[in-house]
Each structure stands twice: as structure tokens, then as C-alpha cells.
Amino acid sequence: MSQTSVPGQGANAHTATDATAAAQRAAELRIELARHNRAYYEDDAPLIPDAEYDRLFGELVALENDFPELQRPDSPTQRVGGKPVEGFAPVVHRVPMLSLNNGFADEDVEAFDRRVSDGLRDVNGVNGASGAGSAGGVGGVGGAGGVNTTPNSTGDLFGTPVEYAAELKFDGLAIALRYEQGVLVQAATRGDGTTGEDVTANIRTIKKIPLKLDTDNPPDVLEVRGEVLMFRADFDKLNQAQEAAGEKVFVNPRNAAAGSLRQLDSRITAKRPLSFFAYGIGELIGATMPETHSALLDWYVTLGIPVNERREVVKGADGLLKFYREVGEARASLPYDIDGVVYKVNRRDEQDRLGFVSRAPRFALAHKFPAQEALTTLLDIEVQVGRTGAITPVARLAPVFVGGATVTNATLHNEDEIRRKDVMIGDTVIVRRAGDVIPEVVGSVLDRRPADARAFVMPTACPVCGSAIEKLPDEAIARCTGGLICAAQRKQALLHFAQRRALDIEGLGDKLVEQLVDQQIIRTPADLFKLGVAKLAALDRMADKSASNLVAALEKARHTTLARFIFALGIRHVGEATAKDLARHFGKLDNLIAVCKRDSDLTELLAVPDVGPIVAESINNFFCEDHNVEVIEQLRAAGVTWPESEPAAAAPLPLAGKTFVLTGTLPTLSRDEAKAMLEALGAKVAGSVSAKTDYVVAGAEAGSKLAKAEALGVPVLDEDAMRAMLAAL
DNA sequence: GATCCTCGAGTTCC
DNA sequence: CTCGAGGATC
């Protein structure tokens with residue numbers, strides 16, 4: 001700290017000899033410290049007293065301060081981050097971090113095993129399975145004894161069970177660690193799977209995670225994936241310390257780990273006893289991918305990356321279930337929390353062949369332990385009014401600790417659900433956290449039902465506005481008919497308008513909306529933009545600072561996109577995805593409004609993907625309400641803007657809204673080519689003929705579809721006629 | 001007409 | 001996360 005030394009300018013405070021000596025000493029210290037770290041954390045046998053460790057550590061810090069050119073990202077000193085950072089930078093995962101399919105019952109595991117074997121057999125076709133040979137057993141796999149040998153004859157396919165890597169499913173946080181040339185350069189949270197947060201500074205403080213891989217020949221890039229967690233004993237100690245210091249205690253190890261990783265000041269994280277286990281891989285450049293998952297983890301071990309020892313290679317559903325039972329029995333005695341086990345097809349080539357369904361790999365299954373359940377008393381059932389007027393009964397429970405959190409509320413969804421579960425007010429009920437998050441009432445304990453238990457009665461009038469509650473015969477949900485008369489619905493509409501995926505008005509939460517609506521300061525979203533600092537500051541829990549923050553947030557929210565704006569309007573059945581479709585299709589809001597004003601002609605709306613008759617009707621109704629159009633005008637007048645794309649709708653695709661069905665073999669076009677041609681012009685190509693079909697394009701050997709088209713009087717074209725028609729557009 | 005899939009809506013706790 | 005509804009597909 002005494003002086004600022006300028007690297008590369010030896011003429012300053014330090015001579016060249018100084019620098020050389022310092023570099024040498026720093027290197028010695030790093031090796032020494034790394035050795036002690038290993039002894040302390042991995043062998044659990046410290047070689048020197050803590051104070052001595054601290055002294056060596058301090059010496060290295062001082063050296064690095066005096067000679068900044070000695071600072072390296074893999075130095076032990078980098079484990080304790082410097083100064084707090086502003087938030088966390090986003091990190092886009094080059095290979096997405098997917099979630100796993102879940103199973104709870106033995107049947108789920110058997111079904112998984114069946115899907116996998118079938119999948120491998122199908123893709124394989126006549127080539128036969130290339131699964132690991134029947135001999136060799138568990139241990140032999142990682143060795144990958146030679147190149148994939150000749151496929152077995154197809155005869156024993158059914159008898160060859162698939163080989164799986166089975167491991168624990170830790171209750172922590174998924175993290176991706178990026179090593180470049182063997183040095184840890186970045187650590188990111190899973191986030192939404194596509195984009196996570198950069199928590200490198202915090203991860204560096206976890207002593208079990210090597211800053212440098214233990215190899216002379218590291219891959220150019222290795223992205224290790226695994227779980228950050230906190231051991232129970234560490235968690236207990238941490239909580240004792242927190243309590244003693246008057247700080248808040250954590251409810252469970254997972255939360256403690258999450259809270260620690262989310263510290264902006266990594267010096268705090270450094271004091272938290274976090275651990276890590278690797279279980280997967282993202283990017284790998286400059287090294288050969290091991291042939292099996294188990295071999296990958298073996299490799300990790302040699303690199304000094306912590307891998308949990310409780311893992312096995314097993315065969316078939318029987319092997320999986322055996323592993324599950326053994327782990328289940330050991331669960332309570334494990335030093336950390338797990339919420340289940342994970343099975344992965346062991347061979348990578350088989351994994352690749354199985355591929356993915358939507359967002360989860362087909363080759364893996366998370367087999368979870370039954371959700372923790374607890375008993376408590378159902379104190380009351382109240383109803384809530386949602387944005388669309390949906391009346392939702394909510395269970396008020398005597399607080400009960402279940403699955404790592406205290407639960408006091410749980411949704412009961414609707415009347416049918418209450419009847420199905422047979423719960424009455426006063427009952428002792430079983431509560432669990434579905435998927436370990438959302439509290440759920442499983443059912444009631446009938447022999448503990450008190451004599452004075454009351455059945456829930458759906459109110460006939462809205463508890464908020466008094467309007468009638470109506471339940472359509474074929475719907476499960478009862479709704480308040482009050483619409484925007486109902487304060488509850490207005491509040492929800494405003495919250496929806498302000499939510500992140502809509503206009504993203506930061507700081508406009510439920511408490512504030514509650515006040516604004518109750519005191520009749522605002523009625524519609526447009527009124528929000530008329531708020532001034534003075535008016536806001538008069539509210540509870542709203543000083544000048546928060547008030548001006550909100551005004552600033554409103555200012556920021558004025559600039560948005562058409563898709564967000566349409567979504568924000570809260571049109572029934574129009575969520576984020578449909579709003580995007582509408583924005584893309586119409587380009588300008590006025591085009592959409594204009595279409596709706598032309599009395600109830602829904603064809604243009606139906607041309608939008610994923611808009612069917614019900615959604616079209618709902619959109620049309622919305623824009624036919626003068627009130628709604630008025631609010632939109634007010635919003636625009638208040639300066640809410642978005643870039644409008646060029647009149648996409650001025651030249652709408654000529655076949656928009658038309659449905660075609662292809663049948664038979666066309667003379668020159670393949671099915672896919674014909675489909676692409678039609679779709680490029682906005683047509684929908686459906687699979688079967690119905691009254692909604694506009695044209696059937698028939699080729700040779702057309703069968704029942706052609707017959708049906710004729711029966712329904714749907715025009716039938718051949719390929720030439722279709723080409724002529726497209727050319728004429 | 002049945003079934004699969006996606007989207008919307010509602011919800012909890014920290 | 002879960003359920004139900006709507007749309008698309010077979």
C-alpha cells in the first residue's frame with residue numbers, strides 16, 4: 001500500500017533483483033499454501049497451525065500487492081476476492097445447462113429404462129446395439145478397452161441391459177466452472193439454463209475447487225459442471241456463528257449455500273464453508289471426450305476436481321432401483337442433503353443417439369425421494385381473486401416446517417380439488433412441498449377430523465367487489481364477473497402490467513399497488529404514468545428516495561417493445577408467446593386494433609400461429625371495448641413507445657389463415673418441399689382434412705383424405721394447380 | 001375422436 | 001411447479 005509500483009518500470013521503488021526474488025518467493029509460497037490447503041481440506045489433517053497458515057498467506061498477499069505483475073488468477077490469494085462488485089454479470093452458457101426429467105415411483109424408472117433401450121434399438125436399426133459388451137462388469141467400463149468393437153448379433157439385443165452411471169442428486173446449486181489452459185477463468189450459475197450469472201469471485205473462495213487443474217497437459221477449454229453445496233455440520237456451525245453475531249440464521253443448507261454464493265462481497269463468501277461435487281461437462285476443447293460418463297468423472301478425480309465417491313455403474317432398471325434403495329437407506333447418515341439420485345446412460349455415444357426431448361435429455365433421469373411430508377391443522381380456507389377473476393381457494397395452515405421451509409399457505413386450486421382431497425376446515429392435513437418448492441395439501445387425516453369440522457362453501461359473491469361469482473359448467477374455475485369493477489382484478493392487472501416480462505417497472509410491487517388502488521390514486525395502467533414524486537411520497541413506506549426511484553423506473557419503462565406491450569395489456573389467453581406472435585404478425589399496434597374493429601372477422605387473427613377460435617375471440621373482444629382502446633391511447637399519450645416494424649400487415653402473407661392438407665405423392669415435389677412453399681406464403685399445413693380445411697393438394701395414391709375432401713366439398717388441387725395458384729398470388 | 005404438446009394462469013417462500 | 005385449456009397432430 002505504501003507506493004504504487006508501476007509494472008515494467010524497474011527504475012521505481014523496486015530493483016530488478018527485488019522483482020526476481022519476489023517472484024521466486026511468491027512461487028514458493030503458492031506451492032506451500034496449496035499443499036496446506038490439500039492437507040486441511042482433503043486429507044483433513046492440517047500440517048501447520050492456522051495462525052502459521054495465515055502468516056504465509058499474508059506474506060503472499062503483501063508480495064502480490066507490492067508486485068502487481070505477480071498476481072495470477074490461480075493464486076491462492078485470489079480465493080478471497082477484492083472489493084464488492086455491482087451485481088453479477090450475465091454469462092451465456094455455450095452449452096445450455098438443461099434440467100432433468102423427474103421420476104418418483106419404481107414404474108417411472110422402469111419406463112425410463114424401457115424408453116432408453118427402445119430408443120437405442122430403434123436408432124440402431126439393423127446395425128445392432130453397440131452397448132458395452134455383456135462381459136467386463138462394472139469396473140471395466142471406464143477403461144474403454146479398445147475401440148468400439150463390432151456390433152453384436154441382433155439376437156441378444158433384448159437380453160443386454162443398458163449400462164447406467166448412477167450418482168447422488170445433491171441439494172445445492174448447479175454451477176459451471178470454466179477452465180482455460182487448466183486455469184479457472186469463470187464460474188457461472190445455471191440461471192435459466194441459457195444464461196446464468198458470473199459468480200467467479202465467489203467460487204474462487206471455495207477451497208475445494210481447484211484454481212488450477214492438476215495436470216501438465218490441460219485441455220484448452222474444460223467446462224466442469226457440478227453442484228455447490230454446504231455440508232450439514234458446516235451449516236450448523238455457520239448458523240451458530242450467525243446467531244452469536246446477531247445475524248440471520250439460514251433455514252437449510254441449500255439456502256445457506258445459495259445465499260453465500262449470491263454475496264456481492266466475496267470476502268463474506270470466503271467465510272462460508274461451501275463444498276463442491278462435479279457431475280457433468282459442458283464445453284471441451286483440446287482433449288478427447290471420455291467414452292463414458294464414469295470415465296469422465298474418473299478423469300476429473302485425476303485433475304483434482306472433487307467428485308463424490310458414492311457413484312456406481314449399474315445395469316438395467318434392476319440395477320438402478322437397487323442403487324436407489326441403498327442410497328435411500330444411507331440418506332440420513334450422509335453428511336449433506338440429497339433429494340434423490342440421478343441416472344445417466346453411461347456411454348456417450350448412446351447418450352448422443354438418444355438426444356433430447358424439448359428441454360431435457362432423454363438419457364438421464366432424476367429419481368427423487370418422496371417429498372417430505374408433515375401434518376398440520378387447516379385453520380381456514382379463504383379465496384383469492386386473480387387477474388382474470390379466477391376465484392382460488394387457499395388453505396391457511398398452522399405454520400409447519402416441511403422440506404426446509406415453514407409453510408403457512410397452500411393453494412387448493414379449485415372446488416373440485418377440495419372435494420377430491422376431501423379436506424374440511426379444522427382437519428389435520430398432510431402437507432408437502434411439491435417438487436420441493438410449492439406447498440401442497442395432499443389430503444386430510446380422516447380419523448382426526450373434529451366434530452365441528454366445516455366444509456368449504458364457494459361464495460356466490462366476490463369477496464372484494466360483491467359481483468356475482470360464476471362457474472361455467474365445463475370449466476373447473478369459478479370467476480368473479482366484476483371485471484375491472486373489481487379492485488382485486490384491477491390490482492392484479494396493474495401488477496401484470498408492471499411485471500418483469502411486461503413493461504418491467506421496477507419497484508412497483510404488490511404493497512404499493514395495494515395502496516395506490518385502495519386510495520383510488522390510480523385505476524388503469526395509464527394512470528401510473530401520471531404519478532409524480534410528491535404524490536408518491538405521501539404513501540406509507542415511501543420516502544422521497546423510493547418515490548423518485550419509481551418515477552425513474554416508469555421513465556425507463558416507457559421504452560418497450562410491441563410484444564411486451566401487448567403482453568402487458570393482459571388480454572385473456574394472450575401470454576408472452578402469443579403476444580410475440582401477434583407483434584410479429586401485425587408489426588404495428590394499430591394494424592391489430594384495426595383488424596379487431598372490423599366487426600368480428602377473425603380470419604386475420606386466426607392466421608397468427610397458435611391463435612385458434614377461442615384466442616381470436618378473446619383478442620377481438622378486448623379491442624372492441626372502447627375503454628381498452630382509450631387506455632392504450634392514454635398510454636401512448638403518456639409517452640409509452642416502442643419501435644414499430646414496417647407494415648408487415650400492409651402486405652400480409654397471401655395465404656395467411658388458409659389451411660392446406662397434403663395427401664398422396666406429388667409428381668415433382670416432396671411433401672416437405674410442398675409444405676415449405678405453402679408455409680412461406682403464410683399458409684398452415686395440417687395433417688387431416690376437416691371443415692376448416694381450405695384446400696387439399698392431392699397427388700398419386702391419395703386415399704381417405706381425398707375422399708373426405710370431396711365429401712366436405714373442399715377444393716382439391718393437383719400439383720400443377722397448386723403451382724399455378726401460388727404463381728398467381 | 002383421441003392424444004400430445006405448448007402456453008397461460010395461479011401460487012409459495014426467501 | 002402444477003393444472004387446465006387451447007391448438008396441433010395423428
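Note on naming: letters A, B, ... go to the chains in the order of the sequence lines (proteins, then strands), and numbering restarts at 1 for each one. None of the values given here were measured: they were computed from a predicted structure.
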- Message: Strictly distance-based, threshold 3.5 Å: is any side-chain N or O of A:His93 a donor or acceptor partner for the main-chain N or O of A:Thr189?
- Response: yes
- Item | Within 6.0 Å of NZ in A:Lys471, more than 12 heavy atoms from elsewhere | yes
- How many Å lie between CZ on A:Phe567 and C1' on B:dC7, as a whole number? 11 Å
- Item | Value in whole Å for how far the C1' atom of B:dG10 lies from CD of A:Glu576 | 16 Å
- Nearest-nucleotide 5' precedence on DNA chain B, A:Thr406 against A:Ala390: A:Ala390
- Query: In terms of side-chain heavy atoms of A:Thr392, which of B:dA9, B:dT11, B:dC7 is nearest?
  - Reply: B:dT11
- Under 4.5 Å between any side-chain heavy atoms of A:Val385 and A:Cys462, yes or no? yes
- For A:Gly389 and for A:Asn409, locate the closest nucleotide of DNA chain B by heavy-atom distance; then report the residue assigned to the nucleotide nearer the 5' terminus. A:Gly389
- Positive for side chain to side chain contact (heavy atoms under 4.5 Å, CB included) with A:Phe456, one of A:Val423, A:Ile418, A:Leu412: A:Ile418
- Charged N to carboxylate O below 4.0 Å: is that the case for A:Asp337 and A:Arg232? yes
- Task: When you get a sec, tell me which of B:dG8, B:dC13, B:dA9 is the closest nucleotide to the side chain of A:Arg572?
- Result: B:dA9
- Message: Does anything in residues 481-498 of chain A come within less than 4.0 Å of DNA chain B? Heavy atoms only, and list the residues if so.
- Response: none
- Atom-to-atom span, CG of A:Leu412 to C1' of C:dG4 - whole angstrom: 17 Å
- Item | Nucleotide B:dT12, atom P - distance to CD of A:Gln384 in whole Å | 5 Å
- A:Thr411, nearest nucleotide to its side chain (from B:dC13, C:dG7, B:dT11): B:dT11
- If only atom types and distance count, is the side chain of A:Asp198 paired as donor or acceptor with the main-chain N or O of A:Pro90 below 3.5 Å? no
- Measure from the side chain of A:Ala476, starting at C-beta and using heavy atoms only, and say which of B:dT12, C:dG4, B:dC7 lies closest. C:dG4
- Note on the structure: A:Glu440 atom CD is separated from B:dT11 atom P, nearest whole Å, by 15 Å
